[in-house]
Amino acid sequence: MRLPTAIKLHKASKTLELHYGPDEQYRLDAEFLRVHSPSAEVRGHGHPVLQHGKLGVGLSGVEPVGQYALKLIFDDGHDSGLYSWDYLYQLARNHDRLWVEYLAELERAGKSRDPDESVVRLML
């Protein structure tokens, strides 16, 4: 289990900064964390529910949960995911791959990151 040595919430930039020692630091934006929430709402009890329209979502709070996780509170009202230390570390280490996969999944589903935008597919 990798425990962060420091955690910083940057509300203005909507990012969570995780330090794992002096040479290993990550910044994860709120949208990335929101769409990868470990909550049942997102994980779908074994059938993941694609999150879309989360561009611009922010983090309004971070709370420790015992010795094993963080509860992230998003400004869209979502607060039910408990991010274990292992899960946070995996998100940080695999950020680039996970983000590319998420964008591809949105494209396949015809969904958008923008909550004010709907993608229309024409059948010509």
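Counting begins at 1 with the first residue of the sequence. In what follows, every heavy atom counts, from backbone to side chain, and hydrogens, waters and symmetry copies are set aside.
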Nearest heavy-atom contact between Ser80 and Ser39 is OG-CB, 3.4 Å
Shortest non-hydrogen contact from Ser112 to His52?
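Answer, listing the atom of Ser112 first, then His52: O-CB, 3.4 Å.
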Contact between [X] and [Y] at the side-chain level, heavy atoms closer than 4.5 Å - yes or no?
{"X": "Glu24", "Y": "Arg93", "result": "yes"}
{"X": "Thr5", "Y": "Tyr20", "result": "no"}
{"X": "Arg43", "Y": "Pro38", "result": "yes"}
{"X": "Pro115", "Y": "Leu55", "result": "yes"}
{"X": "Glu31", "Y": "Trp99", "result": "yes"}

Atom pair [atom1]/[atom2] of [X] and [Y] - distance to nearest 0.5 Å:
{"X": "Asp86", "Y": "Leu91", "atom1": "CG", "atom2": "CG", "answer": "11.0 Å"}
{"X": "Lys8", "Y": "Leu18", "atom1": "NZ", "atom2": "CG", "answer": "11.0 Å"}
{"X": "Ser84", "Y": "Gln90", "atom1": "OG", "atom2": "CD", "answer": "9.0 Å"}
{"X": "Arg108", "Y": "Glu105", "atom1": "CZ", "atom2": "CD", "answer": "6.0 Å"}
{"X": "Leu72", "Y": "Leu88", "atom1": "CG", "atom2": "CG", "answer": "6.5 Å"}
{"X": "Leu59", "Y": "Asp75", "atom1": "CG", "atom2": "CG", "answer": "7.5 Å"}

Worked check of side-chain contact (heavy atoms from CB on, under 4.5 Å) between Leu98 and Tyr102:
CA-CA 6 Å; Leu98 292 170; Tyr102 170 69; over 6 Å; no
Would [X] end up clustered with [Y] when hydrophobic side chains under 4.5 Å apart are linked, directly or stepwise?
{"X": "Leu50", "Y": "Val35", "value": "yes"}
{"X": "Val62", "Y": "Val57", "value": "yes"}
{"X": "Trp85", "Y": "Ile73", "value": "no"}
{"X": "Tyr87", "Y": "Leu3", "value": "yes"}
{"X": "Leu103", "Y": "Val42", "value": "no"}

Is it true that a side-chain atom of [X] and a backbone atom of [Y] form a donor plus acceptor pair closer than 3.5 Å?
{"X": "Asn94", "Y": "Arg97", "result": "no"}
{"X": "Gln51", "Y": "Val49", "result": "yes"}
{"X": "Lys14", "Y": "Gly56", "result": "yes"}
{"X": "Tyr83", "Y": "Leu33", "result": "yes"}

Answer yes or no: does atom CZ of Arg27 have more than 12 heavy-atom neighbours from other residues, nucleotides or ligands under 6.0 Å?
yes
Can Arg2 be said to sit on top of Tyr26's aromatic six-ring, NZ or CZ under 6.0 Å from centre and within 45° of the ring axis?
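Negative - Arg2 is either too far from the ring of Tyr26 or too far off its axis.
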Is the shortest distance from a Lys or Arg side-chain nitrogen in Glu41 or Arg34 to a carboxylate oxygen in the other one below 4.0 Å?
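Here Glu41 pairs with Arg34 in a salt bridge, since their nearest N and O are under 4.0 Å apart.
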